[in-house]
Every structure is written in structure tokens, then in C-alpha cells.
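Worksheet: the structure to be examined is printed underneath.
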Amino acid sequence: MNALEWNPSLGPLVFSALVLGTGALFYFLFGKLASTHGVRQAWMLLLPKITLAALLLLALLDPAWKSREANGTPLKVIVLRDVSTSMDLKDDGSTSRADRAGKLIRQIESSAPGHAHFQVLPFDTVVHDAGHEPKAGQTSGTDLAAAVAALDDQGAFTGDDAAILVTDGGDETVEIPNLPSIPLAVVGVGTPADAWNDLGLDAVNAPTSIEEGAGFDIEAEIVARQGTLARSREALGALKVSLDEWRDKKWAEAQSKTVDARSLHATAAFHVKASGSGTQRYRVRLPELPGELTLDNNTRTLAVQVLKRSLHVLYFTQELGADYKYLRAELGADPGIIFTAMYRVSGDRFTVQGDRSGFEDLEGGFPVNEAVLKRYDCIILGSFPASLLGDPQIQALVRYVETGGALVLLGGDASFGCGGYAESRLAPLIPWSVVKNEPELTTGNFPVSLAASSSAVGFAAGLREALALAGGGSFDSVNQPGALRPGAVSVLEAQVGNRSQSAVALERYGKGQVLGIATNTLWRWAAGGQGLKSFYGKFWRQSLRGVTQKLEGGTLLGIRWNREHYRPGEAANVEVRLQGASDSGAVRLAGSVEGPDGNREVAFAPVAGQAGFYTAKPVFAQRGGYTFRIAAYAGGQVVENYERFLDVSPLVEEGANPELKEAYLRDLAKRAHGIYASENETAQVAVFLKEKMALHEPAQAFALADVWNVFLILVLVILVAEWLLRRRLNLI
């Protein structure tokens with residue numbers, strides 16, 4: 001590739017001004033010479049000077065001839081070819097995705113630049129050696145994230161190489177934490193699913209864990225294709241959807257529903273009551289229809305972890321209201337929550353309702369002993385003046401939150417600044433800045449929405465969709481505290497006039513968390529329609545479990561994982577807290593992960609501004625069993641150990657989602673600064689490789705002014721020619 005390049009020494013405006021000035025000068029000189037020597041001699045005298053000035057201006061542009069020459073080192077191109085079972089699908093009616101993928105790779109190789117060297121490596125759950133062929137009749141899964149991560153793990157993939165990924169995207173769109181450092185082209189193999197003759201389960205939703213005795217829903221989303229509608233319309237009109245339970249080492253049908261899927265979409269919901277504890281397995285099953293493209297997506301298995309109830313909540317207020325009635329009904333009905341409420345009857349007399357264990361410690365009012373408060377995972381304070389809590393009670397509450405407790409502050413006429421909390425030691429626990437002259441509780445109709453920042457709050461997951469499903473909601477009252485404190489996060493916002501105001505916010509305080517709710521009419525949602533009632537329950541159940549941040553571990557180590565299950569190629573976010581008096585001691589953490597890819601050390605990074613708080617982000621590159629270990633050292637002695645086994649595996653079976661994941665693959669290529677091409681657009685890959693080849697070839701640039709000293713020679717020739725001309729005209 002050859003081209004002429006310009007490298008001007010001056011900016012365009014300065015250079016333009018210089019050209020115009022030079023032209024004006026020669027115009028003035030020409031007129032003067034023409035009046036003295038005539039037009040012909042004027043041109044003869046000025047022509048050498050014009051030529052010399054043009055050369056000087058050209059020199060300021062610094063023209064250079066740039067060329068690229070192919071070198072002897074070939075461009076190494078790594079081709080990752082998907083050979084998982086989903087590639088056996090004959091979704092075009094005649095040939096399999098695997099056969100078409102092989103043909104595409106041959107086309108790419110034949111159209112590539114001559115200096116490109118290809119190495120084709122098959123992959124399914126791992127990247128195999130060249131020439132590997134899957135065994136006939138054996139199911140092999142797709143771990144796309146693990147395959148992409150391998151691009152940076154193998155020493156052969158270095159330098160100015162490129163990579164091509166040929167795949168249908170697998171069954172799950174797994175987040176890939178570490179993208180390859182080499183250029184990546186992604187080729188998607190698969191035909192549009194609309195015309196298929198196929199019935200399948202698009203998604204099956206259920207909680208990953210539930211408390212013992214609780215009821216929960218399993219929702220199955222069914223999707224049919226146009227080809228199925230044309231051949232099996234009657235069957236789709238009365239489609240039986242079955243829910244099986246794993247009992248006595250075999251599947252047994254527990255429930256069934258009949259749905260109408262002639263619109264090509266349908267939903268079947270099953271209500272299940274958890275019994276016993278441990279892992280419960282379920283299977284959703286669709287019937288087999290004539291001529292279906294695949295049956296792998298007609299069943300879906302899932303596991304639900306049944307836990308013993310463990311969340312203890314204390315509700316404290318001075319006088320009862322409607323909010324207490326609905327909150328007690330909601331939390332009291334949750335089998336995973338042990339609910340205790342206490343409120344003032346008169347003077348110093350209090351009544352305790354709900355779970356009355358430890359009643360003796362509550363008969364005198366709100367506890368003054370931090371040890372009593374620590375029996376509860378979460379404390380909810382109603383709306384009452386700060387003056388009704390004495391200094392010992394406030395000190396105990398502040399210390400409770402500082403050491404990891406959870407606190408929920410309800411809004412109302414006597415909350416926040418309206419309740420005198422601006423001058424209380426509890427003020428720093430409030431997620432908003434509060435002042436003594438805070439406006440009174442405002443009533444009206446204030447539409448509510450999820451704040452943009454709520455995506456950073458784990459327990460807010462699914463609330464946006466649930467609120468939309470309920471048709472939206474609003475508050476009938478809002479408190480108006482000040483701005484959010486630094487580090488606080490808004491969860492729900494209320495529209496007050498022409499501005500959005502944070503109405504529910506979360507703040508970390510010490511090792512604990514505080515949730516502020518700036519309204520006393522949240523309960524109206526529980527008394528509203530079914531949609532808002534469902535949202536009310538979901539909000540409280542998720543909020544309390546999120547704000548309590550229940551940790552695994554022992555007396556010193558508190559461990560929290562960001563997910564309950566990890567898939568191959570995903571990274572975990574592990575939080576480690578040093579609990580109790582040992583926080584102030586010199587404790588060193590050492591961690592490791594042992595799995596199919598060997599034993600690796602895990603580094604723990606301290607979190608700025610939070611003493612005794614560390615994070616680690618191990619990556620699980622392959623499917624299989626991993627053992628995560630932490631050892632806490634004080635001096636040279638191990639003072640506590642923690643160990644957890646993790647089964648890293650896909651959440652769905654191979655073939656459960658056979659559609660080409662085009663949007664996912666496009667996003668992957670974009671984030672890797674590469675390109676995406678469908679199986680009919682392989683010409684784009686050839687262009688991609690040519691661009692990488694150009695970058696791989698060394699470039700040489702030659703300044704034209706320096707070639708053979710041509711610029712200096714021309715200047716000398718012009719000066720000599722002008723001297724001779726002037727001598728001939730007797731001007732010297």
C-alpha cells in the first residue's frame with residue numbers, strides 16, 4: 001500500500017495567510033517591474049522567484065511517500081470453531097450448522113491475504129487441540145466465555161495476531177469479564193428462528209432459594225414458531241404443560257396446566273409449597289409435536305434451595321398506624337422471617353406482638369443493651385420524635401449499625417428533620433442530610449419510579465419490571481429531607497412538582513446498612529390492586545434480605561458472595577469482612593481457588609474508607625468443581641479458616657435455547673473492538689483480516705525534500721538560472 005502523505009509545519013490558517021501574503025507581494029512586484037521593463041521581462045524576472053517561493057511553501061507542507069511492504073512473518077489467525085451439540089442442528093432444512101461453519105472457515109481462508117496463517121481450534125466446554133472431533137452420539141455443551149478467556153491464557157496467541165470466533169452463541173448469554181487483547185471477529189452461524197417448526201421453553205423463572213414452608217411460583221414462558229403454527233395449530237390451542245418433581249430417584253408429575261399458544265407465546269405458572277430443607281429439583285415439560293426441529297428445548301430442569309427460616313426483624317414504634325398493620329401482615333406471612341413488634345401502650349408500658357422470645361428484654365422499652373439488639377438481623381423504626389429515645393438507647397442503636405446491623409427508618413410527620421433528628425446522634429445514620437427547619441410532610445399524588453442508581457443495589461433486581469407490571473405506583477405523602485449523603489444510593493424516586501426526589505435510599509454506616517423510606521403511605525400499595533400488592537410484598541421481602549447482608553463464615557470472617565451460582569467463564573465478587581474485636585488487630589488474609597484448571601492464589605484488595613473490608617474477584621474459567629479457601633493469619637498463626645465448594649456449570653442444558661444469539665455476539669464483537677458477520681457476510685471478515693495485515697506490515701516513509709538532496713539542488717539551480725538571466729538582461 002503506497003500513498004502520499006502531507007505533514008504541514010504550520011496550521012491551515014497561518015499557512016493560508018502566508019500563501020495569500022506571498023501572492024500579494026508578487027502581484028505588487030509584477031506591477032512595478034512591468035512599468036519599468038515591460039510585461040515580458042517582468043515575467044522573466046519574477047518566474048525564478050515565484051518558483052523558489054513555491055518550493056519553500058512546498059517544503060513547509062513536508063510531503064512524504066509512505067509505503068508498506070509485506071514482511072516474512074505471517075499474520076497468525078486463531079479460529080475458534082464451535083463443535084458443541086447445538087451446532088448439529090439442521091436449522092436450514094438440509095445442512096447442519098457444523099457443516100456450514102466448516103465451509104465458512106474454508107471461504108475465509110481462501111479469501112484472506114497471502115501472508116495469513118490459520119490455526120483452527122475446536123471448542124465446546126474447553127478449547128481442544130487442532131483436529132479434535134466430538135464423539136458421535138455424545139452431548140457436548142457450549143462454554144463460550146471460557147473459550148474467549150482462553151485467547152489470553154495461551155502463549156501462542158500474542159503479538160499482532162487476530163482471532164475469529166465461529167459459533168451460534170451457545171444457550172446462555174454469559175457475561176465475559178476478560179475480553180481478549182487481540183483483534184476479534186465473530187461469525188454467527190444460524191438461520192432466523194421464525195420459520196422453524198419448533199415448540200420450546202423460552203425461559204423458566206423460579207427463586208434460587210426459599211425458606212422452609214414458603215410458597216413460591218415457577219413461571220414457564222412458552223414460545224412457538226410460525227412453522228409449528230402451520231402444522232400443529234390445534235395442538236397449540238390446548239397445549240399441556242407439566243411440572244415434574246424429583247421423588248424417590250425418579251421424575252413424577254406434580255401439576256399440569258393447559259395453555260393456548262396459538263399466538264406463538266404463552267405462560268404457565270405453577271404454585272409450589274416448599275417442604276423439608278435442602279435442594280429440591282423440578283422439571284417443566286412440553287409435549288412433543290410432529291416434525292419438531294429439536295426436542296432439546298421441550299424440557300427444562302431447575303433446582304431450588306430450601307433454607308431454614310433465619311431472618312429476625314424487630315419493629316419499634318410509639319403508636320400504631322395503618323403502615324404497621326399491612327407490614328406485619330406481609331412480614332408475618334413470610335416463613336423466612338421471624339417478626340417481633342413492640343409499641344407504647346401508655347407511659348413506660350409497652351406491648352410486644354409476634355415472636356415474643358426475649359420478651360423480658362423488651363418490656364422496659366427500646367433496648368439499651370447492644371447485645372439485645374444483636375439478636376435481631378434488622379430493626380425497623382416507625383415515625384416518632386427523636387426525643388423519645390434516650391442517650392443509652394441511641395448509643396446502643398448506633399453501635400448496632402456500626403458493627404453490621406441493619407436499620408430501616410420509616411417516614412411520617414415525626415421522621416427525619418420533622419422529628420428533631422437533625423440534632424440527634426442518629427442524624428448521620430439517615431441517608432439524607434436533615435435540618436431542623438425541614439418542610440412538613442407533603443401530601444398529594446407523587447408518581448414513583450426506580451432511580452437510575454438502583455441498578456447498583458442488589459435487592460432492587462426485578463423491582464423495575466414488577467412496578468411496570470403493576471401499572472406504576474405513587475405515594476400520597478413524601479418527606480422532604482435534604483440531599484443524599486455522600487455514598488448513599490437512591491432506590492425509588494418520587495415526582496414532586498417538576499423535580500424528582502429520592503424517596504427510598506440506602507446508606508452504608510460502618511459495617512451496617514440503613515434504608516430510609518421518606519413516606520408513610522407505602523402501605524396503600526398493599527391495600528391497592530393485585531399488581532401493587534404484589535410489588536409491596538416483593539419490595540419488603542427483597543429489601544430486608546438485602547439490607548441485612550447476612551454473611552457466611554465464623555466469628556472473625558464474614559463472607560458474602562454476589563451470586564448463588566456461577567457459570568463457566570464468569571467472575572465472582574467476594575466480600576470479606578473482619579468481624580468483632582479482631583478488626584483492629586493485624587490480620588492477614590490468604591486465599592486460593594482449586595479447580596479443574598489447577599490451584600491459583602486469590603488476592604484480596606482492601607476497600608477504601610472501610611476498615612476490615614476486602615474484596616476478591618476470582619474467575620472460574622471452566623465448568624467443574626471449585627474449592628474456595630480463605631485463611632486468616634494473626635502473626636504467623638492461623639486464627640480462622642473458611643472453605644466453600646462451588647459447582648460451576650451452566651444453568652440450562654445444551655440445546656435449551658437453540659436460537660442464534662446474534663445480539664449477544666454483536667455486543668461481544670463491539671466490546672472487543674472487532675466486527676460481527678453473519679454466515680452470509682464472510683466478505684467482511686476478509687476486509688477485517690486485510691486491515692490487520694496492513695497493521696502487521698512495517699511502514700516506511702520518505703520525506704521527498706530529503707530524497708537525493710533534490711530540494712537543495714533545485715534551489716541552487718533556480719538561483720543560478722536567475723543570475724544568468726539577469727546577466728543576459730544587463731541587470732547586474
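- With respect to Arg100 and Glu679, a salt bridge is recorded, a charged nitrogen being found less than 4.0 Å from a carboxylate O.
- Separating the CG atom in Leu165 from the CG atom in Leu668 is a distance of 6.5 Å, to the nearest 0.5 Å.
- For Ser110 (side chain) and Gln107 (main-chain N/O), a donor-acceptor pair under 3.5 Å exists by modelled atom type.
- Here the closest non-hydrogen pair linking Asn657 and Asp202 is OD1-O, 3.5 Å.
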### Task
Tell me, with the steps shown, if Asp143 and Phe123 meet side chain to side chain contact (heavy atoms under 4.5 Å, CB included).
CA-CA 8 Å; Asp143 291 344; Phe123 80 92; over 6 Å; no

### Task
For the pair Lys240 and Glu253, evaluate salt bridge (charged side-chain N to carboxylate O under 4.0 Å, His left out) and give the outcome as yes or no after the intermediate values.
CA-CA 12 Å; Lys240 180 183 178 183; Glu253 185 174 274; 3.6 Å; yes

### Intermediate values then yes/no, side chain to side chain contact (heavy atoms under 4.5 Å, CB included), Trp561 and Leu646
CA-CA 11 Å; Trp561 297 77; Leu646 299 161; 3.6 Å; yes

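- Glu292 places a side-chain N or O within 3.5 Å of a backbone atom of Leu289 that can act as its donor or acceptor partner.
- Heavy-atom neighbours of Asp129 CG from other residues, nucleotides or ligands within 6.0 Å: at or below the threshold of 12.
- Side chains of Asn197 and Thr228: a donor on one and an acceptor on the other come within 3.5 Å.
- Listed for the Glu654 side chain is a donor-acceptor partner under 3.5 Å among the backbone atoms of Thr142.
- The OG1 atom of Thr85 sits 8.0 Å away from atom CD of Gln138, with the distance rounded to the nearest 0.5 Å.
- Counted by atom type alone, Asp124 and Ser84 present zero donor-acceptor pairs between their side chains at under 3.5 Å.
- Between Phe604 and Phe628, the angle of the ring planes goes over 60°, which puts this pair in the perpendicular group of the 30/60° scheme.
- Asp171 CG to Ser86 OG: the interatomic distance, rounded to the nearest 0.5 Å, is 6.0 Å.
- What you find for Ser111 and Lys690 is that their closest heavy atoms are O-CE, 4.4 Å.
- With 3.5 Å as the limit, one finds no donor-acceptor pair spanning the side chains of Thr294 and Asn297.
- Under the rule for a ring pair (Phe, Tyr, Trp, His ring centres under 6.0 Å), Tyr676 has no partner lying at least two apart in sequence or in another chain.
- Partners of Phe459 by ring pair (Phe, Tyr, Trp, His ring centres under 6.0 Å), not counting sequence neighbours: none found.
- The residues Asp91 and Arg97 are annotated as salt-bridged, a charged nitrogen and a carboxylate oxygen being separated by less than 4.0 angstrom.
- The structure places CG of Leu104 at 11.0 Å from CD of Glu681, a figure rounded to the nearest 0.5 Å.
- Listed by first and then second residue, the ring-ring contact (aromatic ring centres under 6.0 Å, His included) pairs involving residues 226-258 are Trp246-Trp251 (not counting sequence neighbours).
- Contact check for Tyr664 versus Ile176: side-chain heavy atoms found under the 4.5 Å cut-off.
- Proximity of Thr299 to Leu286: side-chain heavy atoms (C-beta onward) are nowhere separated by under 4.5 Å.
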### Task
Check the pair Leu243, Val272 against side chain to side chain contact (heavy atoms under 4.5 Å, CB included), reporting the backbone distance first and the verdict last.
CA-CA 10 Å; Leu243 176 67; Val272 181; 3.8 Å; yes

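- For the pair Leu665/Leu660, a side-chain contact is recorded, criterion being any heavy-atom separation below 4.5 Å from C-beta on.
- Tyr626 contributes a side-chain N or O that, together with a main-chain N or O of Gln622, makes up a donor-acceptor pair within less than 3.5 Å.
- Between the CG atom of Leu199 and the CG atom of Asn298 there is a distance of 5.5 Å, given to the nearest 0.5 Å.
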### Message
Go through it in stages, so that I can follow the logic: the residues are Glu109 and Arg106, the test is salt bridge (charged side-chain N to carboxylate O under 4.0 Å, His left out), and I'd like the CA-CA distance, side-chain angles, deciding distance and then a yes or no.
### Response
CA-CA 5 Å; Glu109 289 178 333; Arg106 291 190 292 272; over 6 Å; no

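- Using a 4.0 Å cut-off between a side-chain N of Lys or Arg and a carboxylate O of Asp or Glu, Lys103 and Asp99 do not qualify as a salt bridge.
- Heavy-atom neighbours of Glu234 CD from other residues, nucleotides or ligands within 6.0 Å: at or below the threshold of 12.
- Between Val187 and Ser678, the closest heavy-atom pair is CG1-O, 4.2 Å.
- For the pair Arg81/Ile105, a side-chain contact is recorded, criterion being any heavy-atom separation below 4.5 Å from C-beta on.
- Salt bridge status for Asp248 with Lys250: absent, with no side-chain N to carboxylate O gap under 4.0 Å.
- Contact detail for Phe535 and Ala466: the closest heavy-atom pair is CD1-CB, 3.7 Å.
- Side-chain N or O atoms of Lys661 include one that pairs as donor or acceptor with a backbone N or O of Gly170 at under 3.5 Å.
- Across Ser454 and Arg464, no two heavy atoms sit closer than the pair OG-NH2, 3.5 Å.
- Closest non-hydrogen pair, His565 versus Asp647, comes out as CE1-O, 3.4 Å.
- A heavy-atom distance below 4.5 Å is found between the side chains of Val204 and Ile218.
- Under a 4.0 Å N-O distance rule, the pair Glu601/Arg629 does not qualify as a salt bridge.
- The shortest distance between side-chain heavy atoms of Thr301 and Tyr282 does not fall below 4.5 Å.
- Side-chain polar atoms of Ser242 and Gln255 form no donor-acceptor pair below 3.5 angstrom.
- Taken to the nearest 0.5 Å, the OH atom of Tyr614 stands 12.0 Å off from the CD1 atom of Ile630.
- The side chain to side chain contact (heavy atoms under 4.5 Å, CB included) with Leu89 is formed by just one residue from the set Asp296, Val189, Leu293; it is Leu293.
- The pair Arg225-Asp194 does not meet the salt-bridge criterion, since no charged nitrogen lies less than 4.0 angstrom from a carboxylate oxygen.
- Under the 3.5 Å distance criterion, the side-chain polar atoms of Asp217 are left unmatched by any main-chain donor or acceptor of Glu219.
- In this structure, Pro180 and Val148 have side chains that are in contact, with non-hydrogen atoms separated by less than 4.5 Å.
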### Message
The test is side chain to side chain contact (heavy atoms under 4.5 Å, CB included); show your working for Ser256 and Val241 and say whether it passes.
### Response
CA-CA 5 Å; Ser256 66; Val241 186; over 6 Å; no

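- Arg545 places a side-chain N or O within donor-acceptor distance of the main-chain N or O of Arg541, the cut-off being under 3.5 Å.
- In this structure, the side chains of Leu121 and His128 stay at 4.5 Å or more apart for every pair of heavy atoms.
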